[in-house]
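In what follows, chains carry the letters A, B, and so on, assigned in the order in which the sequence lines appear, proteins first and then strands, with residues in each chain numbered from 1. Values below: every heavy atom of this structure, side chains too, minus hydrogens, waters and symmetry copies. These numbers come from a predicted model, not from an experiment.
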Amino acid sequence: MNNKEWPLWEVFIRSRQGLDHKHVGSLHAVDAEMAIENARDVYTRRMEGVSIWVVESKSIHASNPDDASSLYDPANDKAYRHPTFYELPDELRHM
Amino acid sequence: MIEISNSELQDVPVQKLPVEALINYTLNLADTSLILGHRNSEWTGHGPVLEQDIAISNIALDLIGQARNFYQYTAEVINKNQVAFDLPYVTGRAITEDDLAYLRDVLEFKNLLLVEQPNGDWGQTILRQFFFSAYQYLLYEQLQKSKDSQLAAIAEKSIKETTYHLRWSSEWVIRLGDGTEESHQRMLNALQEFWMFTGELFKPSAYEQVAAAMQIGVDVTTLKGAWMEKVTAVLEEAKLPLPTTPALQSGGKTGTHSEHLGFILAEMQFLQRAYPNSNW
């Protein structure tokens, strides 16, 4: 009982430049509060971030790599889905 | 109102008083941060889990960084005022931060006794950090108002780090105190080991009294109430009893140390003493 492993958490950091939180790695912690502090200590030592998200790894559901061909290949030959024919106005940022 | 006993000060020429007090006061801050930083660094590679190994190492680096700022300023004050400051191997050049850290002996170190105590187990290290950070936070809060702009600036920069140290150590005290039967027992043991050193935090030395009177330093007696409040609240949440025994151990601020400091310095200072003035 005492040797029980702490749950695993996935860590997402938003950098100074970016708007999105990017996955940076994982760590062990007993609860969300400790996970955020651990993330601060492990992943923001070199001024990488201004915001941290953590989520328990078990809450993340992933697609199966074996399904890759049926999931992603069909998009391969559908160039018309790319909005490449638009001129972007200058005021539009973060695209 | 601060009373300065004449007997403690009669050996110091009046015109030199401010500079002497400032040097001793700054060394006290520097030494305390350096020694606790060194103690915490002993955990590097030995932490209970990787994440906490990194956390305690970060705190060690913060404290050693604070010590550097204070040593650099002390060296500047010594050099600018041409104070006769006797250090081995230093001749014909200005004194540096490294000289102050590596070439002073046990009796010249002015750190608190609390910070030189051995790490013990994780619970002891945590409790020592909590006692200290709760104190250092209050100290820096006041030191930001120092009439000495350099000390005020160092305090303002450092208090951000200390805020996190206090948050981190408080949560660990609660986690361990209100944890398993074993962790609770270990925290009781840690209280037993370290409580006796907490009185010194609020017992001013002569140079602290002078520094406080000059409004350069903090009157540490005024910090005790808020410190007790914080400690009481955290211990209560941790389901740990507030010790009622007197905390009488003191002397570190004036160079009367426990036997442990000599071993720390022997390890820390070895290189500079074996190979004086070496660089890397």
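The choice from B:Ser183, B:Ala55, B:Ser57 that makes the most heavy-atom pairs within less than 4.5 Å of chain A is B:Ala55.
Expressed to the nearest 0.5 Å, how far CE of A:Met34 lies from CH2 of B:Trp172 amounts to 3.5 Å.
Counting non-hydrogen atoms of other residues, nucleotides and ligands closer than 6.0 Å to NZ of A:Lys58 gives a total of 12 or fewer. More than 12 heavy atoms of other residues, nucleotides or ligands sit less than 6.0 Å from atom CH2 of A:Trp6. In this structure, B:Glu237 places its CD atom where only 12 or fewer heavy-atom neighbours from other residues, nucleotides or ligands lie under 6.0 Å away. No more than 12 heavy-atom neighbours from other residues, nucleotides or ligands sit within 6.0 angstrom of OH on B:Tyr102.
Side-chain atoms of A:Asp41 do not come within 3.5 Å of backbone N or O of B:Ile54 as any donor-acceptor pair.
None of B:Gln52, B:Glu171, B:Glu51 except one satisfies the side-chain contact (heavy atoms from CB on, under 4.5 Å) rule with A:Glu37; the exception is B:Glu171.
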